[in-house]
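Notes follow once the structure below has been shown.
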Amino acid sequence: MISNEDLKVGISKEKRMRIFRSLVRNLYDFHREEILASIINEYTDWENPRDHPKSIRNGVLNALSDVLYTAPLIETLRSHSADEVRKEANTFMFAFAHETRSWSQEQPNSGIRGSLSGDIVPYIFGYPLAQGDSEERLYSGFNTDDKGISKVMMHYVSNFVKSGDPSKPNPMSKNFPMGDVFHSTAWPQFDQPNREAYLEITDRPRVKNYYRNAQVGFWNNFIPQLHKNGKETEPVGEEHHLLSDHFRKDSYFGKTRHFSSYANLPFPPPPMPPSPPPELTTKPKPSESPTTLQTTTESEKAAAGSFTGKALGGVIFIGCGFLIMNVCLLIAVRREWGKKRRNEKKFQLQYQTYNSNHGGGAEQYNSLNSPEPLLSASHKNSTSMRPAGISPTCPRHGRAALALQNSRGNSLTAAQAPTLEEIQV
């Protein structure tokens, strides 16, 4: 983010303003102007009123490291070392402040002392203890003190992986440089009873308390209170939360997030829970007694029950009406079917009577493919002996006509030879 040239010679006030403006715009949504002024006031070296570029550079580096790394780290350590989880886990903190001499010589007279983020990596993996050509290695230029610090870091990390305590189970050996110094230095846990103790790892290790506590309180306590949106009853205009020259790109350093209304508004509140039933929300008024309220509630329940009874009675009445209608239709269909059946039986009885009087079997007329009957000449001539106007199928006079016809046919002489003729009826 900051070039090597800026690290060597320092940063101007204009560039510091652009860096802080980009930081405020990207991290915060409300009261940006007030937050920007607070950051500048917090990280200004008031003991050096001339605002030297290197002093401004140190303030910018401290501000960026505090807001992006230190403040979140301390907040995490405090949560991890709380009373409810303290018995289940151990929390330790160290500050690697050892300075690699060969690396600091690459930037002479820069004024930067100590270590930067990431300088601890080669010490944990033992790069200062490696043998071979220094040109082929990623990290090089280590001296005797650097090798001793590397052994210390490897010992602490291996113990913490085994037991959760960097000082156990294996004690620090005294047979290498700096081993004796770290052996006599206890490393307490990070918690409130120990006043948030931490170990500062240098060639002269020391146990300290409350790492950058003032700056951590500034970012974790003061800025969140300043960042509040204000009272809900008195909304603040959106223009109040913008920086001066908010939309000028040249007034920022690096990339900034785009302006949008949805990004500048907090998340909507969760929905309200459903309201309880009306019976639970009814409360007696000061002028009403509990007896009056109970009577009112019982009358409301009785009215609701009567309405339900009326509705149920209407449904039952409609169902009974449909049932009676279906029964009537069934009776009518049954009567029609019985009437038709009786007519068929009556016709069949008349047919059988006629057939029996003429001497023919009923079976010869049951099939459509049966042969035509053969009748005698007497039957052929008997039709002329019927009384005129009488039909053999008449239910009232048919039997008498048939009986008269048969009696006349029997009076014929037996001498006459019956002759058969094929007659189609």
Side-chain angles (χ1 to χ4, degrees), residues 274-280 282 294-425:
S275 59
E279 300 86 38
L280 301 180
T282 305
Q294 184 177 3
T295 305
T296 305
T297 306
E298 291 178 356
S299 61
E300 292 178 355
K301 291 182 178 179
S306 61
F307 176 76
T308 305
K310 292 180 180 179
L312 182 61
V315 173
I316 295 176
F317 178 76
I318 295 174
C320 293
F322 278 107
L323 178 61
I324 295 173
M325 185 183 300
N326 292 334
V327 171
C328 294
L329 291 176
L330 181 62
I331 294 174
V333 171
R334 180 69 179 177
R335 289 184 62 184
E336 291 293 332
W337 179 81
K339 185 177 180 180
K340 183 178 179 181
R341 184 68 177 172
R342 288 194 298 271
N343 294 335
E344 291 179 355
K345 288 183 178 181
K346 185 177 181 180
F347 178 79
Q348 185 177 5
L349 180 60
Q350 294 176 358
Y351 176 77
Q352 290 177 355
T353 303
Y354 174 80
N355 191 25
S356 62
N357 293 333
H358 284 74
E363 60 275 4
Q364 62 181 343
Y365 300 102
N366 289 338
S367 177
L368 296 177
N369 298 324
S370 60
E372 295 179 353
L374 298 178
L375 301 179
S376 61
S378 62
H379 289 84
K380 179 178 179 182
N381 298 325
S382 63
T383 56
S384 58
M385 298 188 301
R386 287 183 200 152
I390 298 178
S391 174
T393 60
C394 179
R396 185 174 179 181
H397 306 91
R399 293 184 179 180
L402 292 175
L404 179 61
Q405 182 179 355
N406 292 332
S407 61
R408 292 179 180 177
N410 293 331
S411 60
L412 295 177
T413 58
Q416 295 179 352
T419 58
L420 298 180
E421 294 180 3
E422 185 177 356
I423 302 173
Q424 185 174 0
V425 180

Among Ile331, Ile324, Leu329, exactly one meets side chain to side chain contact (heavy atoms under 4.5 Å, CB included) together with Val327. Which residue is that?
Ile331
Glu336/Lys339 ion pair, N-O < 4.0 Å
no
Worked verdict on Trp337 versus Arg334 for side-chain contact (heavy atoms from CB on, under 4.5 Å):
CA-CA 5 Å; Trp337 179 81; Arg334 180 69 179 177; 3.5 Å; yes
When rounded to the nearest 0.5 angstrom, what is the spacing between OG1 in Thr353 and CD in Gln348?
10.5 Å
